[in-house]
Amino acid sequence: MNLSELTLDRKGLTAALACEDAAFEEALCQEAYRVKVATVGPEVYLRGLIEISNQCVKDCLYCGIRRSVRCPRYELSEEEVMAAARVAASRRYGSLVLQGGERADRKFTQKITRLLKAIKALDTGDDPPLGITLSLGEQPREVYEEWFHAGAHRYLLRIESSNPDLYRKIHPADHSYDRRLRALQDLKEVGYQTGTGAMIGLPYQTAEDLADDLLFYKELDVPMVGMGPYHPHPETPLTLSGVPYPSAPKRFSLGLKMIALLRLLMPDINIAAATALEILDPRGREKGILSGANVLMPNLTPPQQMVKYNLYDRKTLNASDVQGLTEQGIPIGYGRWGDSKH
Ligand code: SAM
């Protein structure tokens with residue numbers, strides 16, 4: 001396939017995702033990088049990622065911290081979260097992401113509220129207070145409101161797959177696609193810059209499904225997307241089912257092409273180079289940036305807990321992600337929120 005033949009409709013996106021020609025992929029990623037620089041600028045914005053807890057009430061069939069997996073559980077103390085936030089402030093990251101397994105108990109939701117207020121009050125010198133993105137799953141609208149008023153202004157909730165049938169195949173019966181959609185709608189209405197995304201290279205997933213994921217982001221008109229390759233976790237039902245999924249090189253290539261196609265489809269949004277890219281290639285996130293992503297999330301979780309946030313096997317995770325970009329001459333938006341221009 002030739003780049004000049006690419007169309008950004010379902011048929012064209014599907015053809016691009018199914019095309020395994022390396023020269024096409026390279027041309028596509030280069031074009032997406034060009035569009036990114038021309039539209040949102042050359043800077044990469046940072047969000048220090050704090051994985052606050054691996055306790056989860058959900059039982060997603062692909063996830064290594066699902067309720068039913070027997071693994072050591074942790075919850076960072078407020079002081080540990082604040083210590084990580086102070087590191088983000090001292091390195092002038094500009095923003096934080098607080099991510100964790102889903103919990104709806106009041107003790108947890110109130111702790112998040114207290115943390116948000118404390119992080120907003122942190123001394124950041126001449127920089128604005130740290131911007132805060134949350135990624136804490138489905139919550140009642142009142143909780144989204146409480147957290148928004150306490151200082152969070154962005155929220156990432158992946159749809160995981162925009163195909164309701166595929167969504168049903170990778171979740172237990174008590175999880176609901178419609179409830180997830182409702183939560184995304186609530187987040188938008190409360191006022192968050194709302195992000196979503198899907199896993200790439202899942203069992204059962206087709207090139208058409210991935211094209212539909214891209215069109216779903218466009219239809220929902222989201223200002224930010226965080227999507228990344230699927231990695232099998234050895235103890236999850238999805239892996240144990242034996243249903244095949246694309247090879248690691250193919251998932252990586254699909255991951256980059258999804259970023260590039262999304263940049264062409266929605267030129268002015270924020271797109272994250274997901275941690276999951278780094279598992280498949282030591283320079284994975286950097287390659288994501290060079291394919292059109294403009295947000296990077298350096299991990300600030302204390303190392304002894306980070307290894308327990310085991311969504312999938314993370315042994316190969318590389319910590320020096322920002323350095324790779326600097327070495328390439330890619331500017332970093334230090335001390336800035338880097339909100340979506342969309
Ligand atoms: N609980 C929150 C939620 O559900 O949105 C946030 C935490 S959840 C662990 C963060 C993301 O991890 C999910 O949205 C999912 O896409 C991703 N994830 C979980 N298991 C994965 C796997 N095996 N491979 C790739 N990504 C995975």
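Order of listing sets the numbers, starting from 1, for every ligand and every atom in it.
Here the side chains of Leu262 and Asp213 are not in contact, with every heavy-atom distance at 4.5 Å or above.
Close approach of ligand 1 to Gly137 (heavy-atom distance below 4.0 Å) involves ligand atoms 2 (C), 3 (C), 5 (O). For ligand 1, the atoms sitting less than 4.0 Å from at least one non-hydrogen atom of Pro229 are 25 (C), numbered in the order shown with element in parentheses. The distance from ligand 1 to the heavy atoms of Glu102 drops below 4.0 Å at these ligand atoms: 1 (N). In summary, the atoms of ligand 1 found under 4.0 Å from a heavy atom of Arg180, numbered by their order in the structure, are 3 (C), 4 (O), 5 (O). Shown in contact with Ser135 at under 4.0 Å from a heavy atom are these atoms of ligand 1, numbered in order with element: 6 (C).
The proximity of Glu138 to ligand 1, defined as any non-hydrogen pair under 4.0 Å, does not occur for either the backbone or the side chain. Residue contacts with ligand 1, taken as heavy atom pairs separated by less than 4.0 Å, involve Tyr312 solely via side-chain atoms from C-beta onward. With a heavy-atom cut-off of 4.0 Å, Met199 touches ligand 1 through its side chain alone.
The existence of a salt bridge linking Arg86 and Glu79 is confirmed by a sub-4.0 Å separation between a basic side-chain nitrogen and an acidic carboxylate oxygen. A salt bridge is defined here as a Lys NZ or Arg NE, NH1 or NH2 lying under 4.0 Å from an Asp or Glu carboxylate O, and Lys287 with Glu25 fails to meet this definition. A salt bridge is absent between Asp268 and Lys341: the closest approach of a Lys/Arg side-chain nitrogen to an acidic carboxylate oxygen does not fall below 4.0 angstrom. Between Lys188 and Asp221 there is no salt bridge, since none of the side-chain N atoms of the basic residue sits less than 4.0 Å from a carboxylate O of the acidic one. Salt bridge annotation for Arg182-Asp186: present, with a cationic side-chain nitrogen under 4.0 angstrom from a carboxylate oxygen. Salt bridge Glu138/Lys58: present, at least one basic N to carboxylate O contact under 4.0 Å.
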Given Tyr45 and Trp337, is the side-chain contact (heavy atoms from CB on, under 4.5 Å) satisfied, shown in steps? CA-CA 7 Å; Tyr45 293 99; Trp337 284 7; over 6 Å; no
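Among Gln139, His231, Arg158, the residue whose heavy atom lies closest to atom 23 (N) of ligand 1 is His231. Closest heavy-atom approach to atom 6 (C) of ligand 1 among the candidates Gly100, Cys56, Gly101, Gly226: Gly100.
No heavy atom of Ala276 sits closer than 4.0 Å to any atom of ligand 1.
If you check which protein heavy atom lies closest to atom 20 (N) of ligand 1, you get Tyr62 CD1, 3.4 Å. Nearest protein heavy-atom contact of atom 14 (O) of ligand 1 is Glu160 OE2, 2.6 Å. Among all protein heavy atoms, the one lying closest to atom 9 (C) of ligand 1 is Leu311 CD2, 3.4 Å.
Residue Tyr230 is tested with Tyr312, Tyr62, Tyr245 for a ring pair (Phe, Tyr, Trp, His ring centres under 6.0 Å); the sole match is Tyr245.
Panel note: side chain Asp105, backbone Phe108; a donor-acceptor pair is recorded below 3.5 Å.
At under 3.5 Å, not a single nitrogen or oxygen of Tyr309, backbone or side chain, sits near a nitrogen or oxygen of ligand 1. Polar contact check, Gln99 against ligand 1: no nitrogen or oxygen pair lies under 3.5 Å apart.
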